Visitor: 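Below you'll find the structure I mean.
These numbers come from a predicted model, not from an experiment. The sequence lines fix the lettering, A, B, ..., with proteins before strands; numbering per chain opens at 1.
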Amino acid sequence: MDQRKTISDSELRRVVQSRKQPFEPAFMTEKIMREVRREQERMLRRERRLFFAPVVVATVVLLALGAYAMVHSSQTELTPRDEMASMLLVGFYLLYELQRWLCKKWNIPE
Amino acid sequence: MTHHDEQRLIRKVLEGNAEAFAPLVERYSRPIFALVVGIVGRREEAEELTQDIFLKAYMNLSSFRGRSAFSTWLYRIACNEALSAVRKRRKRLSLFDFSPAERLPDSPDEEELTVLTEAQEEALLAALDRLAPDERALVQLHYYENRPLCECGEILSISESNAKVRLHRIRKKLGLWISEKQ
């Protein structure tokens with residue numbers, strides 16, 4: 001046979017399409033959807049953690065900031081209220097960044 | 001299922017309705033399985049990979065921007081996963097690499113085998129399994145799935161002209177292997 005002969009496009013297509021693999025669509029769909037549902041459960045649990053974690057962290061952080069503000073205000077010219085306000089702003093910004101980071105980490109749309 | 005139907009289902013999935021993913025799975029599970037089994041060559045592995053591919057698609061659906069068709073995006077994931085699995089498995093290299101076919105000069109008067117005998121057809125089926133995984137991916141996409149070259153290129157992250165050249169080389173290589181077998 002002449003070595004320069006190339007398989008024609010149409011013949012290759014015909015032979016490739018003649019190869020059939022047995023496949024059970026219903027069984028495969030059910031298997032996949034089982035995994036999808038499991039993943040959905042995992043995502044919901046992550047979202048619940050994502051909601052409660054900042055609330056817990058916020059409480060701790062604000063209490064800590066409040067205590068610091070009360071102690072620190074005696075050493076500066078600012079009133080305790082001003083100290084607390086500036087600390088709260090910093091605190092809220094940190095919480096916002098924390099939530100963004102958690103959303104990215106757990107692949108949850110913000 | 002139209003493009004509009006797919007977009008509607010994707011929106012529902014992203015809103016939290018996982019069951020809306022089922023029609024997409026039903027629509028694409030068979031062609032994705034056929035593509036994957038064509039690349040990895042093992043049925044059981046292909047079944048597991050098909051599952052992983054759809055799960056990955058579901059988990060990353062929010063990253064699908066709609067710039068390409070959903071099928072193109074899904075096929076891209078499938079090819080990447082299948083090729084990655086083959087690389088990990090360190091499958092046996094093709095006994096004949098690109099070199100023999102590349103050394104054959106491209107001739108405008110190149111003859112083509114337009115009708116195969118039964119023996120040649122059997123030899124061709126065996127030769128297809130000897131192709132490199134990325135070559136098998138291209139063959140499956142273009143000849144089994146009937147995807148146009150531009151789409152094959154998009155799925156495999158190569159240019160359309162590159163896909164055309166590769167397919168030509170694959171056909172030449174297969175012709176060479178069949179002739180060597182006889």
Visitor: Other residues, nucleotides and ligands only: do more than 12 of their heavy atoms fall within 6.0 Å of NZ on A/K31?
Guide: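 Yes.
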Visitor: Chain A heavy atoms under 4.5 Å from B/L124: which part of the residue, side chain, backbone, both or neither?
Guide: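 Contact with chain A involves the side chain of B/L124 alone.
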Visitor: With sequence neighbours left out, write down each residue that passes side-chain hydrogen bond (donor to acceptor under 3.5 Å, both in side chains) with B/K12, or none if nothing qualifies.
Guide: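 Per chain and number, B/K12 pairs via side-chain hydrogen bond (donor to acceptor under 3.5 Å, both in side chains) with no residue.
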Visitor: Measure distances from A/R37 to the heavy atoms of chain B and classify the residue's part below 4.5 Å as side chain, backbone, both or neither.
Guide: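 The answer is the side chain of A/R37.
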Visitor: Strictly less than 4.5 Å between heavy atoms, which residues of residues 138-151 of chain B line up against chain A? Please order them by number.
Guide: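 From residues 138-151 of chain B, the residues near chain A are B/V139, B/Q140, B/H142, B/Y143, B/Y144, B/N146.
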Visitor: According to the interplanar angle, ranging from 0 to 90°, do the rings of B/W73 and B/F64 count as parallel (below 30°), tilted (30 to 60°) or perpendicular (above 60°)?
Guide: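 The rings of B/W73 and B/F64 sit tilted, inter-plane angle from 30° to 60°.
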Visitor: Say you draw a straight line from CZ of A/R46 to CD of A/E39; how long is it, rounded to the nearest 0.5 Å?
Guide: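 A/R46 atom CZ to A/E39 atom CD measures 5.5 Å (nearest 0.5 Å).
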Visitor: So, using ring pair (Phe, Tyr, Trp, His ring centres under 6.0 Å) as the criterion, who are the partners of B/F21 when residues are at least two apart?
Guide: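 B/Y58.
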Visitor: So which of A/E11, A/E30, A/R14 has the largest heavy-atom pair count under 4.5 angstrom toward chain B?
Guide: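 Result: the option with the highest number of such pairs is A/E11.
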Visitor: Do B/D129 and A/R19 sit within salt-bridge range, that is, some charged N less than 4.0 Å from a carboxylate O?
Guide: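 Yes, this pair counts.
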Visitor: Using non-hydrogen atoms and a 4.5 Å limit, figure out which bit of A/R38 sits close to chain B: side chain, backbone, both or neither.
Guide: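 Contact with chain B is absent: no heavy atom of A/R38 under 4.5 Å.
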Visitor: What residues form a side-chain hydrogen bond (donor to acceptor under 3.5 Å, both in side chains) with A/E97, not counting sequence neighbours?
Guide: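 For A/E97, the residues satisfying side-chain hydrogen bond (donor to acceptor under 3.5 Å, both in side chains) (neighbours in sequence not counted) are A/Y93.
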Visitor: I'd like to know which of B/D52, B/L125, B/I53 tops the heavy-atom pair count under 4.5 Å against chain A.
Guide: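 Highest number of pairs under 4.5 Å: B/L125.
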Visitor: Among the clusters formed by ILVMFWY side chains lying less than 4.5 Å apart, do B/I158 and B/V165 turn up in the same one?
Guide: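 No, no single cluster joins them.
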Visitor: So which part of B/A34 gets closer than 4.5 Å to some heavy atom of chain A, the side chain, the backbone, both or neither?
Guide: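 Contact with chain A is absent: no heavy atom of B/A34 under 4.5 Å.
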Visitor: Out of curiosity, B/L55 CG to B/T50 OG1, how far, rounded to the nearest 0.5 Å?
Guide: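 It is 12.5 Å, given to the nearest 0.5 Å.
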